[in-house]
Amino acid sequence: MARISAGRAVVESLIAQGVDTVFGIISIHTLDIYDALHDAVADGRLRFIGARHEHALACMADGYARVTGKPGVMLTSSGPGAADAVGALGESYHSSVPLFHLTTEIEAEHVHSGRGVTHEAADQLGMYSSITGWRAGATSAGELSARIAEAFSHLRTSHPRPALLTVPTDLLAVEDDYEIINARPPHPPHPRPGSIEQAAALLAGAKRPLIIAGGGAMGASAELVALAEKLGAPVAAADGGKGAMPEDHPLAMGTVLGGRVWGENPVQAYAANADAALVVGSSLPFRSTLGVGLKLPEALVQVDIDPTMFSRNYPIAVGLAGDSAPLLAALAAALPARAPDPAQQEVIARLRADAHASVERQFPNEQRAWAALRQALPREGVVFCDSTIPGYVGTRCFEALGPRTFHQPHGWVSIGWGFAASLGGAAGAGEHPVVCVTGDGGFQYNTQELASAVQHGMAPTVVVFNDAAWGVLKRYQDQRFAGRRFATGLTNPDFERLAAAYDVGYTRAESADALGEAVRANTGSERLQLVEVPIPDGFAAFR
């Protein structure tokens, strides 16, 4: 290979790992990388998407990863650039989203010197210790390609969490004959011998089995459906799992989430009486399981690529470590043929009807809004929700009809994630329409990214439910402090004029029908559409 700069070696190494899209914000510290990106974008080998703020940048990469199933890739500069991404990467870490983050470090001679050079941190790499699954600091230009290959190998075979590589900015200009390392075959863990047969026997003996699908089931939708049908088991989604089992399937029960903002859920009562359960790709986080009183049987089988997720909140009987798709296929093959049980089929049909009825009873107006969105979108349409009351309720109300079509923050539960993540989702969703559901407060975390959307052709339909407040907190104040409100009211911009300033579309929708029509009208559009839905009194009067 001809002599190239280390910055160019970084770009060539990303391409060698199968990367097709890079999210970033240019900086004087990353100019050597961007000079190489110029050529890679010009010859069609990479696509570059720039953002206005690193928090939004990381959310974009996160949204891209959730929609595509591929690692999101982002570039930041040292110091404040690296630090501004931390909050968003915490969501990616706790929601098990694969990201590769390359950030520069100060010049090699000054690292850990304490001399007060520009962007110096006491320990920039250590700043990421609690929100990365893999991290390393390059100390020479020659090791960059090997480090990138190592990071991607981790992302493909281990728990999907952010991987971070830091590189001193002065190393990026060093020219040499660098070896570019190609993607390595993945080597995920394998379950211990006999455990598949043990799990199959446990599930086969159950009269009231239950399957709970988390985010780790997204790449195994076909295998999940086949296993559920052979076992005759209802399937409920855990955090991140909506759509892994298409929710128009007779065995799909929606979500297992209940209590708190999700309301009463009959699926939880079924779970308490199940005599065996299979959990696929979920760590069963306390917040949405034990924390809301979810009970699971002792005959519990857990499938996860990361065996450290086993028995975190519930003791398991059998743990199967590895990729969900081949493990579910092997588990289905190990199950004996089973004649349908008419009594259990009736129980499942009644449970499905009860789950729908409970949503209609508790969230009638919200359900109308979400039903309008469902009708306006094709089956493959993608929805992103921010941390907002309409988004929380959407977990119960929206019918997700395929994997990777419904996304929301569920780790740190980061407010402000939804809009920026939907831009990354739109970049990865191809021709499939993308809708963002957000609140007026959360939307304004990253409103500036309207400019990024216009510049890079990302065109989701952004539905802003506007109650001029931090709505969920206002509700809590009313409940706990007899209506004494403080700091929950918001003064908002004129969203129509804001849309005009960024040259994006605007619609005001004051009913569920109008909301559905606004979303339907923008399907296939190449222009972002801002849809404002005024709900001054919440959903109480929304029809």
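This chain uses plain numbering: 1 for the first residue, then up along the sequence.
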Identify, with sequence neighbours excluded, every residue that meets side chain to side chain contact (heavy atoms under 4.5 Å, CB included) alongside I415.
D386, S387, Y445, W470

Test your reading of the model: is there a side-chain donor-acceptor pair from Y34 to the backbone of I25, 3.5 Å cut-off?
yes

Kindly say whether the aromatic ring centers of F23 and F48 come within a distance under 6.0 Å.
no

Distance col, row I49:CD1 vs M458:CE, nearest 0.5 angstrom, shows 5.0 Å

Rounded to the nearest 0.5 Å, how far does SG of C59 lie from CG of L423?
10.0 Å

So among D323, I305, T157, which one has a side chain to side chain contact (heavy atoms under 4.5 Å, CB included) with P189?
I305

Would you say the side-chain atoms of Y178 pair up with the backbone N or O of R3, donor to acceptor, closer than 3.5 Å?
no

Can you list the steps and then say if D239 with L257 is a side-chain contact (heavy atoms from CB on, under 4.5 Å)?
CA-CA 8 Å; D239 285 313; L257 303 181; 3.8 Å; yes

Would you name the heavy atoms of E54 and G81 that are closest together and state the gap between them?
CG-O, 3.1 Å

Can you check side-chain contact (heavy atoms from CB on, under 4.5 Å) on T461 and V434, steps first, answer last?
CA-CA 6 Å; T461 301; V434 174; over 6 Å; no

Salt bridge present between R45 and E12 (N-O < 4.0 angstrom):
yes

Would E175 and I4 satisfy side-chain contact (heavy atoms from CB on, under 4.5 Å), going step by step from the backbone distance to the final call?
CA-CA 5 Å; E175 293 192 353; I4 59 174; over 6 Å; no

Measuring from L224:CG to I211:CD1, what's the distance to the nearest 0.5 Å?
6.0 Å

Do T289 side-chain atoms and L294 backbone N/O form a donor-acceptor pair below 3.5 Å?
no

Check: G216 main-chain N/O paired with S324 side-chain donor or acceptor under 3.5 Å
yes

Would you call D20-R47 a salt bridge at under 4.0 Å N-O?
no

Rounding to 0.5 Å, atoms CG (L331) and CD (E223) come to a distance of 12.0 Å

H119-S78 side chain donor-acceptor pair, cut-off 3.5 Å
yes

Quick one: closest heavy-atom pair of I181 and S145, and the distance?
N-OG, 2.9 Å

Is a donor on one side and an acceptor on the other found under 3.5 Å between the side chain of Q124 and the backbone of E120?
no

On a heavy-atom basis, the closest approach of S282 and D304 is N-OD2, 3.7 Å

Yes or no on side-chain contact (heavy atoms from CB on, under 4.5 Å) for H249 and V225, after CA distance, side-chain angles and deciding distance?
CA-CA 9 Å; H249 191 286; V225 172; 3.9 Å; yes

For the backbone of S77 and the side chain of T103, can you confirm whether one donor and one acceptor N or O come within less than 3.5 Å of each other?
yes

Got V437 and L373 here, is their nearest side-chain heavy-atom distance under 4.5 Å?
yes

Are R66 and E91 close enough for a salt bridge, meaning some N to O gap below 4.0 Å?
yes

Residue that, paired with F398, satisfies ring-ring contact (aromatic ring centres under 6.0 Å, His included) out of W370, F384, Y392:
W370

Under 3.5 Å, side chain of S195 to main-chain N/O of P191, donor-acceptor pair present?
no

Mark yes or no: R161 above the aromatic ring of Y93, with NZ or CZ under 6.0 Å from the six-membered ring centre and no more than 45 degrees from the axis.
yes

Does some side-chain heavy atom of V279 sit less than 4.5 Å from a side-chain heavy atom of V303?
no

No-hydrogen, no-angle side-chain donor-acceptor test under 3.5 Å, S96 and H159
yes

Look at the side chain of S422 and the backbone N and O of G425, then say whether any donor-acceptor pair between them is shorter than 3.5 Å.
no

Side-chain contact, heavy-atom cut-off 4.5 Å: P378 with P433?
yes

Output for pair (D503 CG, L528 CG), nearest 0.5 Å, gives 10.5 Å

Measure the shortest side-chain to side-chain distance between D39 and R8 over non-hydrogen atoms and say whether it is less than 4.5 angstrom.
yes

Determine whether T139 and E143 satisfy the following criterion, side chain to side chain donor-acceptor pair (under 3.5 Å), listing intermediate values before the conclusion.
CA-CA 8 Å; T139 57; E143 69 177 296; 2.9 Å; yes

For T405 and E380, test the side chains for any donor-to-acceptor distance below 3.5 angstrom and give the result as yes or no.
no

For Q455 and R52, does a side-chain donor sit closer than 3.5 Å to a side-chain acceptor?
yes

What residue among F465, F419, W417 forms ring-ring contact (aromatic ring centres under 6.0 Å, His included) with F443?
F419

Any side-chain heavy-atom pair from Q408 and F406 closer than 4.5 angstrom?
yes

Quick check: closest heavy atoms across L530 and A499, and the distance to 0.1 Å?
CD2-CB, 4.1 Å

Just by distance, with hydrogens left out, do S92 and D62 show a side-chain donor and acceptor under 3.5 Å apart?
yes

Any donor-acceptor N or O pair under 3.5 Å, side chains E449, S452:
yes

Any side-chain donor near an acceptor of the partner, Q529 and S525, under 3.5 Å:
no

Got a donor-acceptor contact below 3.5 angstrom from the S95 side chain to the G411 backbone?
yes

Interatomic distance, T166 atom OG1 to M127 atom CE [nearest 0.5 angstrom]
10.0 Å

R184 versus S153, side-chain donor and acceptor atoms under 3.5 Å:
no

Using a distance-only test with no angle check, is there a side-chain donor-acceptor pair under 3.5 angstrom linking N446 and H53?
no

I'd like to check L164 versus W134 (side-chain heavy atoms, cut-off strictly below 4.5 Å). Are they in contact?
no

Does a side-chain heavy-atom distance below 4.5 Å link V167 with L102?
yes

Look only at the side chain of K242 and the backbone of H407, and say whether a donor-acceptor pair between them is shorter than 3.5 Å.
no

Should E105 and L171 count as side-chain neighbours, where that means a heavy-atom distance under 4.5 Å?
no

Which pair of heavy atoms, one from V19 and one from V22, lies closest together, and at what distance?
CG1-CG2, 4.0 Å

Applying side chain to side chain donor-acceptor pair (under 3.5 Å), run through T169 and T104 and close with a yes or a no.
CA-CA 5 Å; T169 185; T104 53; 5.1 Å; no

For A252 and P246, the nearest pair of non-hydrogen atoms, with its separation, is CB-O, 3.4 Å

